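These values consider heavy atoms only, across backbone and side chains, with no hydrogens, waters or symmetry-generated copies. What you are looking at is a predicted structure, and each value in this text was computed from that prediction instead of being measured. Here, residue 1 is the first one in the sequence, and each next residue gets the next number.
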Amino acid sequence: MNNLLQRTKGDKVIWTIVFFLSAVSLLAVYSSTGSLAYRVYSGHTEYYLFKQLSVLVLGILIIYFAHRVNYTIYSRVAQIGFLVSIPLLIYTLAFGSNLNDASRWIRLPVINLTFQTSDIAKLALFMYVSRQLSRKQAVITDFRKGFLPIIVPVGIICALIMPANMSTALLLGASCMLLCFIGRVPLKFLLGMAGGAMVLVLLMFLVANVTGMEGRTKTWEKRVESFFSNEDSDVPYQVQQSMIAIAGGGTLGKGPGNSTARNFLPHPYSDFIYAIILEEYGIFGAFLVLGAYLILLLRSIRIFKNCPYAFGAFLALGLSVTLVIQALMHMAVNVHLLPVTGLTLPLVSMGGSSVIFTSLAIGIILSVSRNVEEIGAKQEVTNPAVAA
């Protein structure tokens, strides 16, 4: 055990956040899956607790092994991951498991497990964009040589994700734009990118209406219209139940396991788990969770500033930005500041592939952090004046 702890490097604050969010996940998932357990497993509520525990343990192991890998290897993996993501997303659109008119999952044969291919694509795209930004800094202001090699992969991946999961595609595109802005891409190029994204969305709505395949677009339209409506009757049922949960939580909450909204709120263990946290732990507990994500972002910014190599700096910041933006969007949906989406709360919501790929992203961030620590330690040895 001591040897394992000695081999565990990287930002200790980020490690603490991982264990804190994992503990929150176990408590919230166990509390919110009671009704589901009674429907599916005849009241064996421990099933989902142990399932989530096993996923989180696997996630922590992934973080550990990923942070032990030299982050420069991920630069080479990025190209392979990006190229593999494209056929996987196309296959998912054509043959994926369908839920609510959306094909987001593919089922693995033999083990009969499903996972979202967009999780692979998000991680691969951020690694690829970080690689391209670091390699194109000398020509980053040149549209053809600097900007196109970065923006074309982003457009391809977002376009393939969008038909089944617009919220994820928009989140991914916005995060990539922010990373490009930090990477000194000219603002006029980014504005053009935003305009192109709007045209792409409008084209997709047009094609869906012309071909009669407007199942998902009707869902999006209804969600946006209900969000901006002034009529109480237009508020979606899940939002109504989420508001009831939040109102019942107050400042300190009802206490662990005392949620009542979990019996009425659709998907309280995934899309609306933050509402359960608000109900059981109140505003105080909800702010602790929010603070954990913001601290993760601040620590990643610190890694970005201290990393001497562009790829590692962009990689750490890009991965943390997308995780934190996703968390903030999930929270905003739960408190009715944004229209309903299918975004989960990273490392907290119940899930398999989402927890695994979130863990891999955090492991890569810690890999960069470990490298920064090692460089700092070498500088202190070679130049004691730096340490003083």
Side-chain angles (χ1 to χ4, degrees), residues 21 24-25 27-29 31-33 35-36 99-102 104 162 164-175 201 216-255 258-294 297 321-351 354:
L21 292 178
V24 171
S25 176
L27 291 170
V29 168
S31 176
S32 59
T33 51
S35 298
L36 181 64
L99 182 64
N100 295 332
D101 299 314
R104 302 181 185 177
M162 189 175 290
N165 197 342
M166 178 176 282
S167 56
T168 296
L170 293 177
L171 167 66
L172 187 56
S175 301
V201 172
R216 281 306 287 174
T217 58
K218 290 295 183 184
T219 301
W220 299 328
E221 289 175 6
K222 185 176 180 181
R223 286 176 175 177
V224 174
E225 288 172 0
S226 63
F227 178 75
F228 288 104
S229 174
N230 293 322
E231 300 293 331
D232 291 339
S233 58
D234 291 334
V235 178
Y237 174 77
Q238 60 264 51
V239 174
Q240 294 177 12
Q241 296 303 319
S242 178
M243 293 297 99
I244 292 172
I246 294 169
T251 304
L252 298 176
K254 296 179 177 179
N258 293 325
S259 169
T260 53
R262 64 188 175 189
N263 299 318
F264 306 98
L265 185 61
H267 307 295
Y269 41 81
S270 56
D271 297 357
F272 283 88
I273 200 166
Y274 193 63
I276 301 300
I277 293 171
L278 273 160
E279 183 183 17
E280 294 191 346
Y281 302 97
I283 296 174
F284 177 76
F287 267 110
L288 285 179
V289 175
L290 171 61
Y293 288 106
L294 295 180
L297 179 60
V321 162
T322 187
L323 290 177
V324 174
I325 290 179
Q326 180 177 332
L328 293 177
M329 288 183 66
H330 172 96
M331 296 174 189
V333 168
N334 279 231
V335 299
H336 199 37
L337 291 178
L338 286 177
V340 174
T341 66
L343 293 174
T344 57
L345 191 58
L347 215 61
V348 175
S349 293
M350 185 176 76
S354 62

Treating Q326 as the side-chain partner and T344 as the backbone partner, does any N or O pair qualify as donor plus acceptor under 3.5 Å?
yes
Main chain of L171, side chain of S175: is a donor-acceptor contact present, judged purely on distance under 3.5 Å?
yes
Considering only heavy atoms from C-beta outward, does the side chain of L288 approach that of V24 to under 4.5 Å?
no
Can you list the steps and then say if H330 with V333 is a side chain to side chain contact (heavy atoms under 4.5 Å, CB included)?
CA-CA 5 Å; H330 172 96; V333 168; 6.0 Å; no
What are the two closest heavy atoms between A245 and A261, and how far apart are they?
CB-CB, 3.5 Å
What I'd like to find out is whether the side chain of L265 reaches to under 4.5 Å of the side chain of S242, using heavy atoms alone.
yes
What heavy-atom pair brings L21 and A292 nearest, and what distance separates the two atoms?
CD2-CB, 4.1 Å
Which value, rounded to the nearest 0.5 Å, describes the distance between I276 atom CD1 and Y281 atom OH?
10.5 Å
Under the side chain to side chain contact (heavy atoms under 4.5 Å, CB included) criterion, do T260 and K254 qualify, and how do the steps go?
CA-CA 9 Å; T260 53; K254 296 179 177 179; 3.1 Å; yes
If only atom types and distance count, is the side chain of E279 paired as donor or acceptor with the main-chain N or O of G248 below 3.5 Å?
no
Indicate yes or no for a side-chain donor-acceptor contact from R262 to the backbone of S31 under 3.5 Å, with no hydrogens or angles considered.
yes
Interatomic distance, CG@L328 vs CG@L338, rounded to 0.5 Å, equals 10.0 Å
Taking the side chain from Y293 and the backbone from L323, do they hold a donor-acceptor pair closer than 3.5 Å?
no
Looking at CD1 of I277 and OG of S259, how far apart are the two atoms once the value is rounded to the nearest 0.5 Å?
11.0 Å
Return yes if some donor-acceptor pair links the side-chain N/O of N334 with the main-chain N/O of D271 below 3.5 Å, else return no.
yes
Once rounded to the nearest 0.5 Å, what's the spacing between atom CE of M350 and atom NE2 of H267?
10.0 Å
Taking the side chain as every heavy atom from C-beta outward, state whether L345 and M331 have any pair of such atoms under 4.5 Å apart.
yes
Value for CD1 (I244) from CZ (F264), rounded to nearest 0.5 Å, stands at 8.5 Å
Just wondering, do V348 and Y274 contact through their side chains at under 4.5 Å, heavy atoms?
no
Measure the spacing between CG of L343 and CG of N165 and express it to the nearest 0.5 Å.
7.0 Å
